[in-house]
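It should be emphasised that the depicted structure is a prediction, and the values quoted were computed from it without experimental measurement.
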Amino acid sequence: MVWTRKDLLGLEELSKEEIEFILETTASFKEVTTRDIKKVPALRGKTVVNLFYEPSTRTRVSFEVAAKRLSADVINIATETSSVKKGETLIDTGKNIQALKADIIVVRHNASGAAAMLARNVDMGVVNAGDGWHEHPTQALLDIFTLKEKFGSFPGLKVSIIGDIAHSRVARSNIWGLTKLGAEVTVCAPAMLIPLGIEQMGVRVTTDIDDALCGADAVNVLRMQFERDEKAAFPKQLEYFKTFGITAERLSKAKKNIVVMHPGPINRGIEVSSEVADGPNSVILEQVTNGIAVRMAVLFLLTQAKELSFKEE
Amino acid sequence: MSILIKNAQIISPVYKPASPAQDILIEENIIVHVGAGIEKPAAVVIDAEGKLVMPGLVDMHVHLREPGREDKETILTGTRSAAKGGVTTVLAMPNTTPAMDCPGNVSLLKEIVKRNACVNVAICGSITRGRLGQEVTDIAALKKSGITAISDDGSSVDDDAVMEEALKRALKEQVLVICHSEDKSLSQQGVVNLGFTSTRMGLRGISKESEYKRVARDLALAQKSGCPIHIAHVSCRETVELIAKAKKKGVQVTCETAPHYFSFSEEAVLGFDTNMKMNPPLRGKDDVLCIKQALSDGTIDVIASDHAPHTENEKDIEFDRAEFGVIGLETGLAASITELVATGILSWPKLVEKLALNPARILGREEPALCAGKEADLIIIDPDKEWLVTKAQFISKSKNSGFIGRHLKGVVERTICSGKIIQTG
């Protein structure tokens, strides 16, 4: 198959084949990250701009490392020090970056739909690095890639996603991707953090952590986002750890080789104990490594699609 | 000036034609004669062969934005937009700056209307001062200054005691109260219908409770006070059911829906198109079906556009920051024909009831009819012509329409208001 989309905005609109194609491409780029000289010229002369309206460590650095390993030039815009502070709109910011002849813009924004809105208004490729509560496609792709490495295939694979599902773009993207690939997904959260109608996305819903862990091959633990200001009743941190925290004791009742994932950054002692985060079931740091390969694949595919569309013209 | 319309197929439930095609003779601002084969000479002769002629539409929910937000719309552009859509009477909603909460402000608006309006503009005053929901306006004085109804549209009066007081006074002055029924403590920062759509889009949802709980409150107070109320922009099944029950009990309530509530369901928002963002939001497919049924069985009395112009700067931004509202004066009739008449849900006479007769009656205005002696407010339409809705066509100053890119059926060819043919640009 040939990748033709100019943007990666989410997993909802991707087909199973498109997701599998990204995973295959990721595998070839992972090989690059094991070399002594971790560079290929695929994006030489191209400019990738990271436009981050929300704070980020791993996603932003991950995109930067990925782009540089592809030999692209990378510019990072942190909005606290940009004209956004002077009231410049997202569309204007995007158009200006386009006028600087950037090739790809990687955008993280606190408004759901922001990446789509930007993509409609610029010709550059747009990668959604997280828009509000909506989607975080590269995170889900690296989660799925990590699972692929561990388990090989998805039909019948039981994956549980634990945490603040209602406000999680990581959860939504993972649900779309995993269900399209045939995995059986369970979501688990305190009742007030389970969004209305989520079962229509093809997931099983439970508020019982032991039920979610029982029989699961992998568990993806989301961060409790205390910085997203929500007035709805929020569990206190210790209370959350007692009822939903992933501890060694909880895991002892689950499958022996259950894989523990977390998109990071982890709140030690709140959603996961240090023992588990640093223990043998955890693949948290492998996820970060895989993130580079996934993002290299995505940047490569979008660039290729652009080149193909030029040839057609 | 005299106008002779020949070969007209007249849709007017009040007027029963002897034979299908009639001629209509207008002199100055009055219809002087309706009959077959009128031979009297006239200054303008229009051949309406193959067209339908009906009373000019009465849109009782229109935001003309002047005074205060002339960047979005003015009396001039808004009334021209109305004329293009076949609307010859609009009720201008009071959420202007300043609000229509006192005779002085109403006079200000009347002056602008006198100078610039090309169709009839009735003025809606507000229920409370500044629409703040605390102090009831001097309804008697407002009535004297010429308002047709009162509403705090955009907001509901949250305090039961204040609303009850308002209803008592409105009843005394025989002024209609139009209710924007919404409990903002329940809808909070919601931007789309609460449910699967809000969940998959990662957006805050507006529950149906926030609408129907307030509707229940408004109906209870209407029953208690005996004051007639009109519920604005009905969007969901639960509201329809509450109103149907209340009507059966003898509560004096009428209600309206807007074309977007029978044309689109919540799935239309899925691409984050802000031209599908309005309040109340688009609801589920079942609610759309229910709205159509309620129009058919008479539970919903009126179709009103809730024409809400907004500038591009306020709409072409992130979904949750974009303003609520869509324009509708120029697409209301065609959307109604497409969704309701072409599908057999409403007959042509019933459509004219929803778009012209019922709103006129509810507002206490003379009921329009195409017969001798009546005011010459009428439109000539091509009922079958299909057209593609584009941004460039809109006369309105604002272009925020949910129908852009869609095909609609029904084109207004002439709009005649007070015997004048309005140039629709």
Side-chain angles (χ1 to χ4, degrees), chain A residues 9-13 53 84 87-95 107 109-121 128 130-136 164-173 175-176 179 187 189 193-203 205 228-232, chain B residues 183-210 236 238 265-277 281-287 310-324 391 399-400 404-405:
Chain A
L9 303 173
L11 296 192
E12 182 179 356
E13 58 263 29
Y53 283 73
V84 169
E88 188 167 28
T89 65
L90 174 58
I91 292 178
D92 275 338
T93 305
K95 287 192 163 152
V107 61
H109 197 284
N110 64 2
S112 299
M117 187 183 77
L118 185 61
R120 276 197 288 269
N121 283 279
N128 181 8
D131 63 331
W133 305 340
H134 179 229
E135 288 230 41
H136 191 355
D164 183 357
I165 308 289
H167 305 113
S168 172
R169 50 195 177 211
V170 172
R172 284 174 178 80
S173 291
I175 292 170
W176 291 121
T179 51
V187 300
L193 296 179
I194 298 199
L196 201 58
I198 189 100
E199 61 285 345
Q200 290 179 63
M201 282 174 81
V203 302
V205 177
R228 286 203 192 285
D229 86 296
E230 288 303 308
K231 281 186 279 177
Chain B
D183 184 343
K184 288 210 162 116
S185 74
L186 292 178
S187 54
Q188 286 195 1
Q189 292 166 308
V191 293
V192 290
N193 188 34
L194 178 70
F196 184 42
T197 301
S198 63
T199 288
R200 68 199 273 187
M201 294 176 80
L203 292 170
R204 287 180 174 85
I206 298 172
S207 65
K208 295 203 272 179
E209 276 102 325
S210 65
C236 67
E238 289 82 350
S265 61
E266 58 187 325
E267 287 81 7
V269 201
L270 283 176
F272 294 96
D273 183 357
T274 56
N275 283 338
M276 293 295 181
K277 179 180 180 181
L282 298 174
R283 304 287 190 185
K285 288 199 166 95
D286 173 66
D287 298 294
H310 290 295
T311 61
E312 267 186 34
N313 294 344
E314 291 164 307
K315 277 301 240 186
D316 286 359
I317 56 177
E318 296 87 332
F319 196 93
D320 38 17
R321 288 178 54 216
E323 285 278 9
F324 287 96
K391 236 183 179 181
K399 317 295 176 191
N400 51 314
I404 291 171

B:Gly271 and A:Arg120 have their tightest heavy-atom pair at O-NH1, 3.1 Å

Distance (rounded to the nearest 0.5 Å) between B:Phe272 CZ and A:Asp131 CG: 6.0 Å

Side-chain heavy atoms of B:Met201 within contact of A:Trp133, under 4.5 Å: no

Considering all heavy atoms, the nearest A:His134-B:Arg200 contact: CD2-O, 3.4 Å

Under 4.5 Å from any heavy atom of chain B, what part of A:Glu135 do you find: side chain, backbone, both or neither? neither

Got a second to check how far A:Ser112's OG is from B:Arg204's CZ, nearest 0.5 Å? 9.0 Å

Top contributor to chain A interface from B:Thr197, B:Leu203, B:Asn313 [non-hydrogen pairs under 4.5 Å]: B:Leu203

For the backbone of B:Thr199 and the side chain of A:Arg172, can you confirm whether one donor and one acceptor N or O come within less than 3.5 Å of each other? yes

Find out whether A:Leu90 and B:Ile317 are in side-chain contact, i.e. whether some heavy atom of one side chain is under 4.5 Å from a heavy atom of the other. no

A:Asp92: which residues meet the salt bridge (charged side-chain N to carboxylate O under 4.0 Å, His left out) condition with it, sequence neighbours left out? none

Among residues at least two apart in sequence or on other chains, which ones pass salt bridge (charged side-chain N to carboxylate O under 4.0 Å, His left out) with B:Lys184? none

Please report the interatomic distance CG(B:Asp316) to CD1(A:Ile91), rounded to the nearest 0.5 Å. 5.5 Å

A:Met117, part contacting chain B, at a heavy-atom distance under 4.5 Å: side chain

